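The structure appears below as C-alpha cells.
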Amino acid sequence: MGHHHQNAKMHAVTILANRPEAANIFTLEIDWIPRDKLLGGQFVMIWIPGVDEIPMSLSSANTTSTLTIQKVGEASETLGRMKPGDKIGIKGPFGKGFEPTGQNLLFIAGGVGIAPLMPAIVTAQEQGKEITLAIGAASGDAIAFRDKLTSMGIDIRIATDDGSEGHKGFVTTLVEELLAGGNYDQILTCGPEIMMAKLLELANLNKIPIQCSLERYMKCGMGICGSCDIDGLQVCKDGPVFDGQTLAGLEDFGKSKRDRSGKKIGF
Amino acid sequence: MGHHHQNAKMHAVTILANRPEAANIFTLEIDWIPRDKLLGGQFVMIWIPGVDEIPMSLSSANTTSTLTIQKVGEASETLGRMKPGDKIGIKGPFGKGFEPTGQNLLFIAGGVGIAPLMPAIVTAQEQGKEITLAIGAASGDAIAFRDKLTSMGIDIRIATDDGSEGHKGFVTTLVEELLAGGNYDQILTCGPEIMMAKLLELANLNKIPIQCSLERYMKCGMGICGSCDIDGLQVCKDGPVFDGQTLAGLEDFGKSKRDRSGKKIGF
Amino acid sequence: MITLDNMNIETSIAGLKMENPTMLASGILGQTGRSLLRVAKEGGAGALVTKSIGLEARTGHGNPGILELDTGLLNAMGLPNPGIDDFEEEVQIARRSNVPIIGSIFASSPDDFANLASRMAGHGADAIELNLSCPHAQGYGVEMGSDPIIVESIVKTVVEAIQIPVFAKLSPMVPDIASIALAVEKGGGHGVVAINTMRGMSIEPEMGMPVLSNKIGGLSGPAIKPVGVRAVYEIAQKVKIPIIGVGGINTGRDAIEYIMAGANAVQIGSGVHYRGIDIFKKVSQEIQDFMQKNNYSQLDEMIGIAGVK
Amino acid sequence: MITLDNMNIETSIAGLKMENPTMLASGILGQTGRSLLRVAKEGGAGALVTKSIGLEARTGHGNPGILELDTGLLNAMGLPNPGIDDFEEEVQIARRSNVPIIGSIFASSPDDFANLASRMAGHGADAIELNLSCPHAQGYGVEMGSDPIIVESIVKTVVEAIQIPVFAKLSPMVPDIASIALAVEKGGGHGVVAINTMRGMSIEPEMGMPVLSNKIGGLSGPAIKPVGVRAVYEIAQKVKIPIIGVGGINTGRDAIEYIMAGANAVQIGSGVHYRGIDIFKKVSQEIQDFMQKNNYSQLDEMIGIAGVK
Ligand SMILES: Cc1cc2nc3c(=O)[nH]c(=O)nc-3n(C[C@H](O)[C@H](O)[C@H](O)COP(=O)(O)OP(=O)(O)OC[C@H]3O[C@@H](n4cnc5c(N)ncnc54)[C@H](O)[C@@H]3O)c2cc1C
Ligand SMILES: Cc1cc2nc3c(=O)[nH]c(=O)nc-3n(C[C@H](O)[C@H](O)[C@H](O)COP(=O)(O)OP(=O)(O)OC[C@H]3O[C@@H](n4cnc5c(N)ncnc54)[C@H](O)[C@@H]3O)c2cc1C
Ligand SMILES: Cc1cc2nc3c(=O)[nH]c(=O)nc-3n(C[C@H](O)[C@H](O)[C@H](O)COP(=O)(O)O)c2cc1C
Ligand SMILES: Cc1cc2nc3c(=O)[nH]c(=O)nc-3n(C[C@H](O)[C@H](O)[C@H](O)COP(=O)(O)O)c2cc1C
Ligand code: FES
Ligand code: FES
C-alpha cells in the first residue's frame, strides 16, 4: 500500500499487574508495547470481553506498557478488578501525541489527565528541559503518580476542589499565577475540556504555544466512523492532541460534542 | 505467512521483440524478469488474452527474459504473430529447475526441449564446466540457438529424423555412442518423455546421475489442481525437473499421463 | 473540489456531474457536515454519500464496533445516526463543497423510505441512496434487499415521492445480484450501488468469543474487491441504469477494475483507513496515470469494456 | 497417518474418526489416488475429500482457470473430472492412507446425486460430500444449493440410497445460510460443510478483460475466512449435526476460529498453495501449541465455545 497507517488489529494481551495509583485510580501493567516510540497522548482501544471497548492513553511504554485508569463506570470498574494473568484486547496505538518544544515547559493536568502527560514529562526531563506541573484534582489523595513525580524532582503545584492540599479551587487560577510569574515556552495539558478552553484563552493572552489533548466518544479509534468528530476533524486520528492554533479555529471546542448517535450536545 | 511460496499473481507484460529462432520456432523477448535467479527448467504460465494460457520455459533471464516457442497449435501460433508492444499475461516463475553437478556434463535436447536447458548450459559454462550437447531434431533447420551455442563454443552433436544433418535417426543412439566414449558426471535432458525414459535406462546402466524435465497438461502451475499429476507428484511444483532416482520409482513415467479430465491415458 | 489536468476523468450518474469518479462511501466520515466537507475539499472526493440516516436517532451497537483483519475491516456499527431531523444542518454544511451530496437512508418499510427520502431531499441532498443491504442491523437490511419484489416496491414508492435521482445499494449475499438490480431498474431507480459489506465474524481464540459486540459484522476492504467487481460485471450485463461500484477500492487499478466491469463511478470507504483522507486524490491521479500510459483520454472509453470483449 | 503427542486433537464426524481435525478440501490435489495418499502420508491430513466427481468425464473450463490475488485465490476450473467409472481405482489407492476418504460428487438432479453416491460408496469411500455450491459451473451449483426445498430433497434422496454418512457443502452466497443447513438436517444429512468459494472476478486493466477464461470464478483463501467463520457460527446456532469448517484456513489460529465457532473439523484448500503440502501437519501442531498455552487438553473443549459465551 505504500502508506503507513496505524493498524487497528485486535491483540489479546495479558495483565501483569494491577496497582492502586490514587483514590479511585489504578494502573494496569500489560505485556505489550507499541511498535514505535510512544508520544504521550497516543492511546489504545481496550476491549474488556463481554463488557465494552474504551479508549485509554498509554501512561508509559518501555519493556511493558501501563494504563492509568479512573473508575467511572462499568468498563473502568471491570478493569479495576482485573488480576495478573487476566486478558484484555488491545488495538492501536492511535492518534497524534504531544510534541514538547522549547526549554521551559508548563504541564497542566486535570485529574486523570495526568496519564497522557506522563510520557511527555519523562521524555522532556530526559532531554534536560525545565518542567513545571500544575495538577488539579478533587482532593489530595486523588493525585496520581505522586511518588514517581516526586522522585523525578518535578516542581508540582496542586489545586484541589476540597482544599485538602494546595490551592483550593480551580487549577486555572493557579496557572494564572504561574503565568504571571514564569516565562514558559509551551503549555501542554489534558483535562476537562472546559478547563482546557480556559487555558487556551490564557495561553493566547500570554502568547504561549499550547497543546491540548481532547476527549470525544470513540467507536473506531481509527479515523473512519466519524463518532469523535470536532468540526470535521477526527479526535482519534487528527488528535487527540491539537495545538492552540487549530483549536482556536474550531466552533465546537469547549462548547459542544456529539452523543453516541452523532447528535450535537453541549458540554 | 513465514513460508516462501512461488506466487501465482498475474502480471501484464510487454513484448519487446519476436525473433525467428529455427524452422517453426521463435523467441519472444519480454519486459519482465523473475524475482530470483532463474534455474533452467523453471517455467511461467503465459496468458494469451482470449485464447489460452500455456506453460512455457524461460529460455533466458537477464535484464529481460525470453521464451522460445515451437508453433504447434492455436496458443503458440498466436504468440508467433505477436509484435513488439503487444501484451501478454504472465504468472510465475514456477517449479524446480536443473541443478548441474559435477564437471563433465552431457546435455540432451529433444526438439524445442533445448529451451529450458539453455539457462543451465549458460550457467554451467560460466562455472567452467565441460559441456557436451546432443540435440535431436526433425531436420537441421529446426535446431534452435545454433548461433548462440556455436559462439559459446559448445560441443554440439546432432541427430535428425530426416538425416539432413548429423546422425540420421534417434538422438538416443547418438547418446549411446557418447556414453561409450565419454566419462560424464551428469546427464541433463528435456524432450519427449519416451526419449527421456530411454535416457533414464541408459543413465542407470552407465551409473550416471540424470535430471529430466517433464511435461504434463497444466492448469494451475502452482501445485494445487492436480492436473499435472504423476504418481502423486505435481510436475508443476515438485518438477518439472526430476532426478533419475525419483523417476525410477514412478509407475507413470514414460507410460501414461492424464488428459484434461484427469483420466489416465497412455503415451 | 480539485482540478485534475491531463486526462478527462469527469463522469456523471443520472445527471449528477462529478469531476472525478471517486465518491465517499456511506458510513465513513459521513455523519457530520464538516467531515463531509473536508473529504471533498481536502480529500478530493468527486461526490459525497452521507452516513445512512433513519427516522429516529440511534446510538448503534456497543463497542467493539470495528476491527482490522488481515484482508479488510469488519464492522458492526449498527446504523448509529442522529435521526433525519437533526441531519438538515449537516447536509447544509456539506453542500458548501459544491460536489453532489447523496443522502443515504435506511428504513423498514417502503413508506418510511419515502418519508425519509423526501425529508432528505428537503434538506438539500442531490440524490438518495437506499441502503437495502446493511448486514448487521436486524430488520433494516439484507432481509429486504434480497427479495426482488420488496426491492422493486421500495424503489418505486421512493421514486414517486421525490424529484431527485434514487440509487439502491445492494448486498452481495444473494445467489443472483443481477436480478435484484433488475428489480431496481423496474422500480424506476436511477442507479445501482454495489456492493455493501459481507456478513462476517472474527473470533479471538484467547478469549474464545467473537470480538464485535454484535458478534456478526460486515466485511469490507481488499477481501471483498473480487466479489464487488463480479457483482458490477453481472449487473452491467443485465441493466441499463448507471452503476456505482464499491468494495475494496484502494488504488487507481482497483477503481479501473470496477469501471471496466461497468461502473460509471466508484465509492471508497475502508480505503480512507488504508491510505488516508486524500485517497480520493490519490486514486484519481492513479486513474489518470493509467489512462495516459494506456492511451485512454476519456473515462467513458473504459466503462464496461471488460463486458464486451 | 501421523502421530501428534501432547494435546489430544482427535475428533470425529458422524462416526468417522480423525487423528487430527484437518481435512483436505475438495478440488485440491484430489483428482488422483496417489496425490490423495501423499496429502495424508506426507502432508498429515486427518481425512481426505476427493475432487468433485460427476457422472461423465469433463475437461472443465479452459485456461486461465486460476490465479492468485492479493487476498486469496480465484479459480474457475469448471469441475474437470474423469467421471465416476474411472474414479474407482483412485479411491482404492487413496484408501491405503487409512484415513477417512470422503467422496465429493456433483450432479444436477437428486437421482443423479444418489446414483453417483452409491457408486462412490461402492468404490470404497467412507462418506459422501454433496457439492451443492460450485459457483462457476452452470446448472451444478449455487442455483440448487440456495433453495432449502431442493437441498432437502437431494439430501434425503441420497441418504436413503446409501449406508455411509452424507455431508452437504454449502455456498455462502445466500442471505441466510443457516436455513439451508437446517434443510440438510431435515433431509437426514449427517453433516454440513461450510463454505465453498464466493463468486468473484478479476479484471486485468492492461487487457481490459477478465483474466479467467470463464470470466467468473470462486474466491478462496484468506479473503473469505471471516465469512466462513460467521457461516459456521450461524449454522451451529441452528442445527445439531456436525459442521466441517472451510475457507481461508492457513494457520492453527484460523482453524481454532472455526472450531470455536462450532466446527468439529476443518478443511484446507488454498492453504496448500500458501504453506505447502504439509500444511496439515503445521496447522495440527499450531492447534496443539495453542491448546497447551491456553490450558485445553481436548479439542472438544473448544468446539463451539464462541457461541455459548
Ligand atoms: C483519547 C482518550 C484517552 C483517554 N485516556 C484515559 C486515561 O488514560 N485514563 C482514564 O481513566 N480515562 C481515559 N479516557 C476516558 C475513558 O475512555 C473513559 O473514562 C471510559 O471510557 C469510561 O468507560 P466506563 O465504561 O468506565 O464508563 P461509562 O459509564 O461507560 O462512561 C463514563 C464516561 O466515559 C465516557 N466514555 C465511555 N465510553 C467511551 C468511549 N468509547 N470513548 C470515549 N469516552 C467514553 C462516557 O462518554 C462518559 O462520559 C480517555 C478517553 C479518550 C477519548
Ligand atoms: C513445464 C513446461 C514447459 C514448456 N516449455 C516450452 C517451451 O519452452 N517451448 C515450447 O515451445 N513449448 C513448451 N512447452 C509446451 C507448450 O506448453 C505447448 O506446446 C503449448 O501449450 C501448446 O499450446 P497450443 O495452443 O499452441 O497447442 P494446442 O493445440 O493447444 O496443444 C498442442 C500440445 O500442447 C499441449 N498443451 C496445450 N496446453 C497445454 C497446457 N496448458 N499444459 C501443458 N501442455 C499443453 C497439448 O497437450 C498438446 O499436446 C512446455 C510445457 C511444459 C509443461
Ligand atoms: C465503518 C463502516 C460503516 C459503514 N456504514 C455504512 C452505512 O451506514 N450505510 C451503508 O450503506 N454502508 C455502510 N458501510 C459500507 C460501505 O459504505 C461500503 O459499502 C463497504 O464498506 C465496502 O466498501 P469499502 O471496501 O471501500 O469499505 C460502512 C462501512 C464501514 C467500514
Ligand atoms: C482450485 C480449486 C478447486 C476447487 N474445486 C472444488 C471442487 O471440485 N469441489 C468443491 O466442493 N470445492 C472445490 N473448491 C473449493 C474448496 O474445496 C474450498 O471450499 C474453498 O477453496 C475454500 O477453502 P480454502 O480457502 O481453504 O481454499 C475448489 C477450490 C480451489 C481453490
Ligand atoms: S472514533 Fe471513529 S473516527 Fe474517531
Ligand atoms: S498444474 Fe495444477 S497441480 Fe500442477
Side-chain angles (χ1 to χ4, degrees), chain A residues 1-14 45-55 74-75 86-92 94 217-234 236-238 249-252 256-265, chain C residues 27-39 41-42 51 53 56-70 73 75 77-78 80-83 86-87 89-90 93 202 204-213 222 250-251 269-277 279 282:
Chain A
M1 219 74 59
H3 163 86
H4 178 78
H5 67 277
Q6 292 180 316
N7 96 43
K9 292 184 185 168
M10 183 67 78
H11 301 278
V13 303
T14 307
M45 294 297 290
I46 293 293
W47 174 38
I48 307 111
V51 178
D52 201 349
E53 186 192 38
I54 57 171
E74 196 188 353
D86 285 350
K87 277 174 185 163
I88 54 175
I90 195 166
K91 284 182 338 201
F94 296 117
Y217 195 82
M218 292 190 179
K219 293 186 176 181
C220 75
M222 58 201 271
I224 66 170
C225 77
S227 136
C228 65
D229 187 274
I230 178 166
D231 284 68
L233 296 175
Q234 307 316 123
C236 66
K237 184 160 178 154
D238 302 305
L250 303 184
E251 282 179 16
D252 289 352
S256 51
K257 53 183 182 176
R258 305 269 171 175
D259 70 9
R260 291 173 206 208
S261 77
K263 246 199 233 284
K264 227 181 198 180
I265 50 174
Chain C
I28 286 85
L29 298 183
Q31 201 163 279
T32 76
R34 279 179 207 279
S35 60
L36 286 163
L37 194 55
R38 190 175 166 216
V39 171
K41 295 241 185 226
E42 188 181 327
K51 174 80 198 160
I53 304 296
E56 309 289 339
R58 270 171 74 103
T59 54
H61 302 314
N63 282 2
I66 184 165
L67 78 160
E68 181 175 341
L69 305 177
D70 288 340
L73 304 180
N75 92 83
M77 309 311 290
N81 79 96
D86 276 51
F87 206 63
E89 189 191 339
E90 314 298 345
I93 295 172
S202 175
E204 182 58 51
E206 263 85 2
M207 315 299 189
M209 59 191 287
V211 176
L212 295 179
S213 76
N250 262 328
T251 67
S270 307
V272 171
H273 167 62
Y274 292 109
R275 296 186 76 190
I277 200 172
I279 184 170
K282 290 173 180 162

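Quick note on labels: first sequence line is chain A, next is B, and so on, each numbered from 1. Bear in mind the structure is a predicted one, so any value in this text is a computation, not a measurement.
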Just so I know, are the side chains of C/Ile66 and A/Lys219 near enough to count as touching, which here means a heavy-atom distance under 4.5 Å? no
Any idea which heavy atoms bring C/Pro64 and A/Glu53 closest together, and the distance? CA-OE1, 3.2 Å
Check A/Arg258 against C/Thr32 and note the closest heavy-atom contact, atom names and distance. CZ-CG2, 3.5 Å
Do C/Glu206 and A/Thr14 touch side chain to side chain, with heavy atoms closer than 4.5 Å? no
Measure distances from C/Glu89 to the heavy atoms of chain A and classify the residue's part below 4.5 Å as side chain, backbone, both or neither. side chain
Where does A/Glu251 contact chain C at under 4.5 Å (heavy atoms): side chain, backbone, both or neither? side chain
Winner by heavy-atom pair count (cut-off under 4.5 Å) against chain C, out of A/Lys264, A/Lys263, A/Lys91: A/Lys263
Nearest 0.5 Å, please: how far is CG in A/Asn7 from CD in C/Glu68? 4.5 Å
Heavy atoms, side chains only, cut-off 4.5 Å: are A/Cys225 and C/Met77 in contact? yes
Decide salt bridge (Lys or Arg N to Asp or Glu O under 4.0 Å) for A/Asp231 and C/Arg38; before the verdict, give the C-alpha distance in whole Å, the side-chain angles of both, and the deciding distance to 0.1 Å. CA-CA 9 Å; A/Asp231 284 68; C/Arg38 190 175 166 216; over 6 Å; no
With side chain to side chain contact (heavy atoms under 4.5 Å, CB included) as the test, would you mind laying out the steps for A/Lys237 and C/Ile277 before giving the verdict? CA-CA 11 Å; A/Lys237 184 160 178 154; C/Ile277 200 172; over 6 Å; no
I need the minimum non-hydrogen distance between A/Gly50 and C/Met209, along with the two atoms involved. N-CE, 3.7 Å
Whatever's closer than 4.5 Å to a heavy atom in chain A on C/Ile93 counts as neither
Using a cut-off of under 4.5 Å for heavy-atom pairs, which of A/Asp238, A/Asp259, A/Ile230, A/Val51 has the most such pairs with chain C? A/Asp238
To the nearest 0.5 Å, atom CD1 of A/Ile88 lies from atom CE of C/Met207 at 7.5 Å
Measure across A/Gly262 and C/Gln31 and return the closest heavy-atom pair with its distance rounded to 0.1 Å. CA-NE2, 3.2 Å
Contact check, side chains of A/Met45 and C/Asn63, non-hydrogen atoms, under 4.5 Å: yes
Are A/Ser261 and C/Arg58 close enough that some pair of their side-chain heavy atoms sits under 4.5 Å apart? no
Could you tell me the separation between the CE atom of A/Met10 and the CG atom of C/Leu67, rounded to the nearest 0.5 Å? 6.0 Å
Between C/Leu29 and chain A, with a heavy-atom cut-off of 4.5 Å, which part of the residue counts as in contact: side chain, backbone, both or neither? both
